[in-house]
There are 2 protein chains.
Amino acid sequence: MGHNGRRRIPEATVARLPLYYRSLIDCNERDLATVSSDQLAELAGVNAAKVRKDLSYLGSYGTRGVGYDVEYLLHEISRELGLTQDWPCVIVGAGNLGAALANYRGFGARGFRIVGLVDDASDKVGQTVGELTVEPMHTLANMVNERSISIGIIATPASAAQPVADALISAGIRSVLNFAPAVISVPPNVSVRKVDLATELQILSFYQLRGLTSGPALVVDRPA
Amino acid sequence: MGHNGRRRIPEATVARLPLYYRSLIDCNERDLATVSSDQLAELAGVNAAKVRKDLSYLGSYGTRGVGYDVEYLLHEISRELGLTQDWPCVIVGAGNLGAALANYRGFGARGFRIVGLVDDASDKVGQTVGELTVEPMHTLANMVNERSISIGIIATPASAAQPVADALISAGIRSVLNFAPAVISVPPNVSVRKVDLATELQILSFYQLRGLTSGPALVVDRPA
DNA sequence: TTCACTTCGAGAAAGCATTCACAAGCTCGG
DNA sequence: CCGAGCTTGTGAATGCTTTCTCGAAGTGAA
Ligand SMILES: NC(=O)c1ccc[n+]([C@@H]2O[C@H](COP(=O)([O-])OP(=O)(O)OC[C@H]3O[C@@H](n4cnc5c(N)ncnc54)[C@H](O)[C@@H]3O)[C@@H](O)[C@H]2O)c1
Ligand SMILES: NC(=O)c1ccc[n+]([C@@H]2O[C@H](COP(=O)([O-])OP(=O)(O)OC[C@H]3O[C@@H](n4cnc5c(N)ncnc54)[C@H](O)[C@@H]3O)[C@@H](O)[C@H]2O)c1
């Protein structure tokens, strides 16, 4: 029945686990005890074969003829994603976006807590944003160390992104989420993910221009 | 010299065009007249063969032994991405994130202008955010029509995402950018892209947990 | 003109990801 | 306990993306 042992999980699958996780939370809130790959696929907006293949990389957690136990699968995915532990984060750049992120109570919900907000502008330092006080850049290294920060979020202008990334990395951070529209280079033991608004809009305009649609237009129905 | 004629551009390539676009803007600002695939690859953080293959889908715009003419390539990519025209956008949801986006002067720069901001909370309606005034939801359909809005940006809570998407679509919008952590279903002639913070953080924690790094760790060097 | 050198374009190979299709395994009613 | 009916898990097939490789085409010096 397939070796349940250690198995490399493909990147594409990893990127979908959070989606399944969210879908399962939904199921749980609706008091569903089990869910089939078909239902889960519908909720996650992907196809059922993909759900089954993805979940099979984690192990054989389903029951044939029944589906997946919601609570159990939720637990397993949480464990794979590391959501059973805390991931303190620091935001660099207390501007528009940095402030919105710091105010955002909603991913604090799942272990990702913003425990530091730093900025290099002297007029920002000392300001209060939500429950945080903006601290100066030179405190970064100590802060990362003392508060066991593992994730750094870059919300500065693009021109500052590389130096800020360098500062985060030399403070010991190994995971970076970059909101600035700039490519940053990092040593091979550091992960970077980016969130790029302009890119997304440009992809939309590309397809709109041609009367085509992006993505695997599997998401359908709804009367409209 | 390859047939320069109409050729389907792969999705993966489309998603990188904005990256090349940004890199070429850089080159232009540094007054480089031409750029080689190697240089462009370095700037975009991808590998050179990929740059050449990607650009070859647009046509044969390079010169052997020389590279690509920066201005010319910039123009061609702009044209492909539809950046030579205006893309008026509306934001739905004037909360933390909606306000940060509305205030953001930086993608207005490239044809994407926010021309409307709507919210269904009566205490938000009438408020001023940047240069915009928050308008009520029921004005959406007229607004989309009168201001020729082509892109809808969802910045409401997840629970409102589907009804908001439905409203946007029935107002005539065919391109949606969704910031809410929810899967939305749309008819097949509508494009949706999503920006999901929680997903990105979860991917980072997955890899950090294992001492691995995400992505094609091609980005290197830098003393640190 | 010729030669050494550079760089693109694109076929072909290799590597991933998605989808198909079905045997295996489970439940439940009778 | 059996058989009908579901649903998983996974090899195999398909399709997409990336990478390799190298001929073709350009430059500039002599
Ligand atoms: N505002 C948005 O909605 C939005 C949307 C998408 C992307 N972005 C991107 O996010 C980034 C931030 O945008 P914003 O609107 O918040 O900008 P902003 O100008 O409001 O804020 C940037 C902040 O970074 C600080 N900063 C600058 N250099 C720094 C450095 N070297 N070290 C530490 N702090 C530094 C500034 O003092 C400022 O407080 C930009 O790169 C922008 O392109 C913003
Ligand atoms: N704030 C952030 O930094 C951040 C980051 C990532 C993702 N998000 C996501 O973005 C979305 C917005 O976040 P936020 O922090 O701005 O929330 P928010 O609560 O500050 O704002 C939401 C706004 O949407 C409005 N709204 C609610 N239902 C509506 C409806 N049916 N029609 C029109 N407007 C409606 C509300 O009145 C409110 O003004 C959420 O889905 C959140 O998960 C936010």
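Sequence lines set the chain letters: A, B, ... in the order given, protein chains first and strands last, and positions in each chain run from 1.
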Kindly indicate whether the side chain of A:Tyr57, heavy atoms from C-beta on, has any atom under 4.5 Å from the side chain of A:Glu80. no
All side chain to side chain donor-acceptor pair (under 3.5 Å) counterparts of A:Ser191, not counting sequence neighbours: none
Among C:dC8, C:dA17, C:dC26, the one nearest B:Tyr68 by side-chain distance: C:dC8
Pairing residues for A:Arg193 by the salt bridge (charged side-chain N to carboxylate O under 4.0 Å, His left out) criterion, not counting sequence neighbours: B:Glu200
Can you list every pair that meets salt bridge (charged side-chain N to carboxylate O under 4.0 Å, His left out) and has a residue in residues 14-23 of chain B, with sequence neighbours left out? A:Asp196-B:Arg22, B:Arg16-B:Asp54
For A:Glu76, give me all partners under side chain to side chain donor-acceptor pair (under 3.5 Å), at least two apart in sequence or on another chain. A:Tyr61, A:Arg79
A:Gly65 or A:Arg52: which one's nearest nucleotide on DNA chain C is closer to the 5' end? A:Arg52
What integer distance in Å separates B:Arg16:CZ from D:dT17:P? 9 Å
Taken in chain and number order and not counting sequence neighbours, the residues that satisfy salt bridge (charged side-chain N to carboxylate O under 4.0 Å, His left out) with B:Asp86 are B:Arg113
Please state how far atom CG in B:Leu73 lies from atom P in C:dC8, giving the value in whole angstrom units. 11 Å
Please tell me if B:Lys50 has a side-chain N or O lying less than 4.0 Å from either OP1 or OP2 of D:dT17. no
Take the protein atom CZ of B:Arg64 and the nucleotide atom P of C:dT7, then report the distance between them rounded to whole Å. 14 Å
Figure out the CG/P separation between B:Asn47 and C:dG15, and round it to whole Å. 15 Å
Carefully, step by step, assess B:Val176 and B:Ile184 under the rule side chain to side chain contact (heavy atoms under 4.5 Å, CB included). CA-CA 10 Å; B:Val176 174; B:Ile184 57 185; 4.1 Å; yes
Nearest-Å distance, CG (B:Leu58) to C1' (C:dG9)? 13 Å
Given atom CD1 of A:Ile9 and atom P of C:dC16, what is their separation to the nearest angstrom? 16 Å
Rounding to an integer number of Å, can you tell me how far B:Asp54 CG sits from D:dC16 C1'? 13 Å
Strand-adjacent residues in residues 25-38 of chain B, judged by heavy atoms under 4.0 Å from DNA chain C: B:Ser36, B:Ser37
Between CG of A:Leu17 and P of C:dA17 the distance, given in whole Å, is 13 Å
Among the nucleotides D:dT10, D:dT17, C:dG11, which one has an atom lying closest to any side-chain atom of B:Arg8? D:dT17
For the side chain of A:Ser56, starting at C-beta, report the closest nucleotide among D:dT10, C:dT18, D:dT18. D:dT10
